[in-house]
Amino acid sequence: MSFTVRRMTIDDVPQVHAIELATFPTPWSEQSFIDEMTKNVCARYMVAEENGKVIAYAGAWMVMDEGHITNIAVAAEHRGRGVGKAVTEALKQYAANLGVDYMMLEVRRSNLVAQAMYKKLGFIELGYRKRYYEDNGEDALLMVCQDMPAPEEDFEDIPVTPQA
């Protein structure tokens, strides 16, 4: 792997938003990501970076002992390299460090590639949310993972600040 995974900063938002626009039929706005970073105390986001460029991101809301994954995306030209798996594993570790016991997510019923990755990461199928996706009315598969890593002893949850 020639990429690194780290906590997302405000400065990453334009690149993350570009991946979001290219990936999802109903993308979040750039302002939504800024709000997640600056106003949502429950939100944590990770990015994968290669040669100074963000190539993937993953985010979740951490509420008490639950982590709810909001979005995961990998730039199209970097898919199939394990980047999505790495950024999701890093998000799971961060969540475990914050005391999260399990994580949940919704994934399109038709997105078999993502479902396979989630299963490799310990997620299991829990059920369906009917007509969950507004763009086409597709059902979402609800998945949960209780296979969380052990918390890191030297972990420190530092506030996100813009990079210099």
Side-chain angles (χ1 to χ4, degrees), residues 1-108 111 113-114 117-118 120-123 133-135 140 143 145 148-164:
M1 277 189 268
S2 59
F3 59 88
T4 58
V5 179
R6 61 171 172 78
R7 179 108 182 253
M8 183 174 147
T9 70
I10 294 291
D11 293 339
D12 297 320
V13 168
Q15 292 182 76
V16 165
H17 186 246
I19 295 169
E20 175 86 2
L21 287 172
T23 303
F24 298 112
T26 310
W28 285 16
S29 68
E30 193 166 327
Q31 187 61 50
S32 293
F33 283 105
I34 292 168
D35 290 347
E36 286 288 280
M37 301 294 296
T38 60
K39 296 178 182 175
N40 186 348
V41 297
C42 299
R44 299 294 186 282
Y45 285 79
M46 307 297 289
V47 295
E49 182 180 55
E50 184 174 64
N51 300 322
K53 183 177 179 189
V54 174
I55 61 172
Y57 68 93
W61 297 335
M62 315 298 180
V63 181
M64 307 290 284
D65 63 345
E66 176 187 330
H68 188 96
I69 295 177
T70 55
N71 38 18
I72 298 171
V74 178
E77 63 273 20
H78 295 282
R79 293 179 188 155
R81 296 178 46 210
V83 181
K85 183 175 185 262
V87 76
T88 306
E89 285 175 326
L91 185 63
K92 280 179 62 178
Q93 182 64 63
Y94 209 100
N97 292 344
L98 292 173
V100 167
D101 293 330
Y102 67 98
M103 298 192 82
M104 298 179 67
L105 59 81
E106 292 91 5
V107 59
R108 287 181 185 269
N111 193 343
V113 172
M117 181 191 76
Y118 299 139
K120 286 180 186 174
L121 291 170
F123 285 83
Y133 292 97
E134 293 179 10
D135 63 313
M143 300 183 82
C145 178
M148 298 295 288
E152 299 168 327
E153 290 183 23
D154 60 346
F155 172 78
E156 184 180 353
D157 186 30
I158 55 175
V160 173
T161 55
Q163 294 178 341

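If you read the sequence from its start, that first residue is 1, and numbering goes on from there.
The pair Glu50-Arg81 meets the salt-bridge criterion, since a charged nitrogen lies less than 4.0 angstrom from a carboxylate oxygen. At a threshold of 4.0 Å, the pair Asp135-Arg108 counts as salt-bridged, since one of the basic side-chain nitrogens sits closer than that to a carboxylate oxygen. Glu49 has no carboxylate O lying under 4.0 Å from a charged side-chain N of Lys53, or vice versa, which leaves the two without a salt bridge.
Expressed to the nearest 0.5 Å, how far OG1 of Thr88 lies from CE of Met117 amounts to 3.5 Å. Rounding to the nearest 0.5 Å places CD of Glu20 at 9.5 Å from OG1 of Thr26. Going from atom OG of Ser29 over to atom CG of Leu21 covers 9.5 Å, rounded to the nearest 0.5 Å. Note that CD1 of Ile55 is 7.0 Å distant from OG of Ser2, once rounded to the nearest 0.5 Å. Taking CG from Leu105 and CG from Asn71, the interatomic distance works out to 11.0 Å, rounded to the nearest 0.5 Å. Between the CE atom in Met143 and the CE atom in Met103 there is a gap of 13.5 Å [rounded to 0.5 Å].
Contact detail for Ala114 and Asn111: the closest heavy-atom pair is N-OD1, 3.1 Å. Between Val87 and Ala48, the shortest heavy-atom contact is CG2-N, 4.1 Å. Contact record, Ala86 with Phe3: CB-CE1, 3.6 Å, taken as the closest heavy-atom pair. When all heavy atoms of Phe123 and Ile69 are compared, the closest pair comes out as CZ-CD1, 3.8 Å. When every heavy atom of Ala96 is checked against every heavy atom of Pro151, the shortest pair comes out as O-CG, 3.7 Å. Taking every heavy atom of both residues into account, Ala150 and Gln93 meet most closely at O-NE2, 3.0 Å.
No side-chain heavy atom of Val47 sits under 4.5 Å from any side-chain heavy atom of Val5. Side chains of Ile19 and Val74 form no contact here, defined as non-hydrogen atoms less than 4.5 Å apart. For the pair Asp65 and Val100, the minimum side-chain heavy-atom distance is 4.5 Å or more. Inter-residue side-chain proximity for Asp12 and Thr9 is flagged as met; some heavy-atom pair is nearer than 4.5 Å. Within the 4.5 Å cutoff, no side-chain heavy atoms of Arg44 are placed close to those of Met37. Side-chain contact between Met46 and Met8: absent, with no pair of heavy atoms (C-beta onward) separated by less than 4.5 Å. Side-chain atoms of Asp157 and Tyr94, non-hydrogen and from C-beta on, do get closer than 4.5 Å to each other.
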Item to complete: Take Asn40 and Trp61 through the side chain to side chain contact (heavy atoms under 4.5 Å, CB included) test and state the conclusion after the steps.
Response: CA-CA 8 Å; Asn40 186 348; Trp61 297 335; 3.1 Å; yes

Worksheet item: So Thr23 and Arg79, side chain to side chain contact (heavy atoms under 4.5 Å, CB included) or not? Walk me through it.
Response: CA-CA 11 Å; Thr23 303; Arg79 293 179 188 155; 3.4 Å; yes

Discussion item. Using the rule given for side chain to side chain contact (heavy atoms under 4.5 Å, CB included), can you reason through Tyr57 versus Gln15, listing the C-alpha separation, both sets of side-chain angles and the distance that settles it, and then say yes or no?
Written reply: CA-CA 10 Å; Tyr57 68 93; Gln15 292 182 76; over 6 Å; no

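Ring geometry for Phe33 versus Trp28: interplanar angle of 30 to 60°, hence tilted.
The backbone N or O of Phe155 lies less than 3.5 Å from no partner atom in the side chain of Asn97, so there is not a single donor-acceptor pair. Checking side-chain atoms of Glu30 against main-chain N and O of His17 turns up no donor-acceptor pair under 3.5 Å. The closest donor-acceptor contact from the side chain of Lys92 to the backbone of Leu121 lies under 3.5 Å.
Asp35 meets the side chain to side chain donor-acceptor pair (under 3.5 Å) test with Gln31; sequence neighbours excluded. For His68, the side chain to side chain donor-acceptor pair (under 3.5 Å) partners at least two apart in sequence or on another chain are Glu106.
With no hydrogens or angles considered, a side-chain donor-acceptor pair links Thr70 and Tyr45 at under 3.5 Å.
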